[in-house]
Structures are given as C-alpha cells and as structure tokens.
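Notes follow the structure.
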Amino acid sequence: QGLLAESGGGLVQAGDSLRLSCAASGRTFNSYMGWFRQAPGKEREFVAAITWSGGNTNYAHSVKGRFTISRDNANNMVYLQMGSLKPEDTAVYYCAADVTTYDFLMSRLSETYDYWGQGTQVTVSS
C-alpha cells in the first residue's frame, strides 16, 4: 500500500521562499505526481505536476515562474520549491500520485490521482 508524506510547511513572510518535500513509500509511483493546495473556504486547486522522468512539468498560472516542481526517483521524493511567496499562497499543500491514468495531459485534474498525502500547512504573512 502506497503512502505519501509531506513536510516543509510553515509560517513565512511575503517574498520568502520555502521548499516542500513529499516522501513516497510502499510502492513504486511510476507515473506523474503533483501538488495541490486548498485554502480555507476554497476548493482544492492544482499547483504543479511532473512526469515520471521529470522531463515534463505543468504549473498553474498563478504559480508559474515562482514555483518549481522536481522529483528524485532514486530516493522516492518529490519537491515543490516555492519562491516570491504571497499571502494568497496560504493553504494546505497536498502531494498526490497517479498510478492508473498515465496520461500527463490529465495531470491538472485531481480526480486522476490515486494517492494523497495528509497535507502540510503553508502560511504567508503580509
């Protein structure tokens, strides 16, 4: 049974950087993986996704140019490097993994992901 565990969240000031980590265990996650976030009172939204090889990435318009997703398959890790943080980036961030779809064109859709972590809180103060 696969597990995803996020870490690295915290309280930062606007303009700061933060790196989130997602540790995968229990099985091989050999498809795309992604990050989503959910702010209080809002729907969960797509942030970024990356293919198994790391050769292709996909970003939400709101974070493009500020966030970078990467993965280290040898160590079963996925990362989200966040820069120029804004108060509107405040949310619980979730790591997710696909093991059935294998179609990166679908990576913005939360329903295509099969495994989810518990989330890590990121709070950006102004």
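Sequential numbering from 1 along the given sequence is applied to the chain's residues.
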Group every Ile, Leu, Val, Met, Phe, Trp and Tyr by side-chain heavy-atom contacts under 4.5 Å, then state whether [X] and [Y] land in the same group.
X	Y	result
L109	Y113	yes
M77	Y93	no
Y79	L18	no

Return the set of residues passing side-chain contact (heavy atoms from CB on, under 4.5 Å) with [X] (not counting sequence neighbours), or none when no residue passes.
X	result
A97	L4, F29, M33, Y115
A14	P87, V124
S7	S21
V92	Y94, Q121

With rounding to the nearest 0.5 angstrom, report the [atom1] to [atom2] distance, [X] to [Y].
X	Y	atom1	atom2	answer
T68	L80	OG1	CG	8.0 Å
T28	N76	OG1	CG	7.0 Å
T57	R71	OG1	CZ	12.0 Å

Problem set entry | Pair listing, salt bridge (charged side-chain N to carboxylate O under 4.0 Å, His left out) test, anchored in residues 3-22, at least two apart | none
Problem set entry | Under 3.5 Å: donor-acceptor pair, side chain of D72, backbone of A74 | yes
Problem set entry | Whether T123 side chain and L11 backbone form a donor-acceptor pair below 3.5 Å | no
Exercise. Can you name the residues that form a salt bridge (Lys or Arg N to Asp or Glu O under 4.0 Å) with R66, not counting sequence neighbours?
Worked result: D89
Problem set entry | Distance flag, aromatic centroids of W116 and F36, threshold under 6.0 Å | yes
With sequence neighbours excluded, residues passing side chain to side chain donor-acceptor pair (under 3.5 Å) with [X]:
X	value
T112	Y32
S31	D98
D114	T100
D103	none

Exercise. Do L85 and F67 touch side chain to side chain, with heavy atoms closer than 4.5 Å?
Worked result: yes
Exercise. Are side-chain heavy atoms of Q81 and S70 found at a separation under 4.5 Å?
Worked result: no
Could you go through residues 39-53 and list every donor-acceptor pair under 3.5 Å that involves a side-chain atom there, pairing it with any protein atom two or more places apart or in another chain?
unit_1 : atom_1 : unit_2 : atom_2 : d
E45    : OE2    : R37    : NE     : 2.6
E45    : OE2    : R37    : NH2    : 3.1
T51    : OG1    : G54    : N      : 3.4
T51    : OG1    : G55    : N      : 3.3
T51    : OG1    : N56    : N      : 3.2
T51    : OG1    : N56    : O      : 3.4
S53    : OG     : G55    : N      : 3.1

Exercise. Which heavy atom in Y59 sits nearest to a heavy atom in I69, and how many Å separate them?
Worked result: OH-N, 2.9 Å
Problem set entry | Inter- and intrachain pairs under disulfide bond (SG atoms under 2.5 Å apart), touching residues 54-126, at least two apart | C22-C95
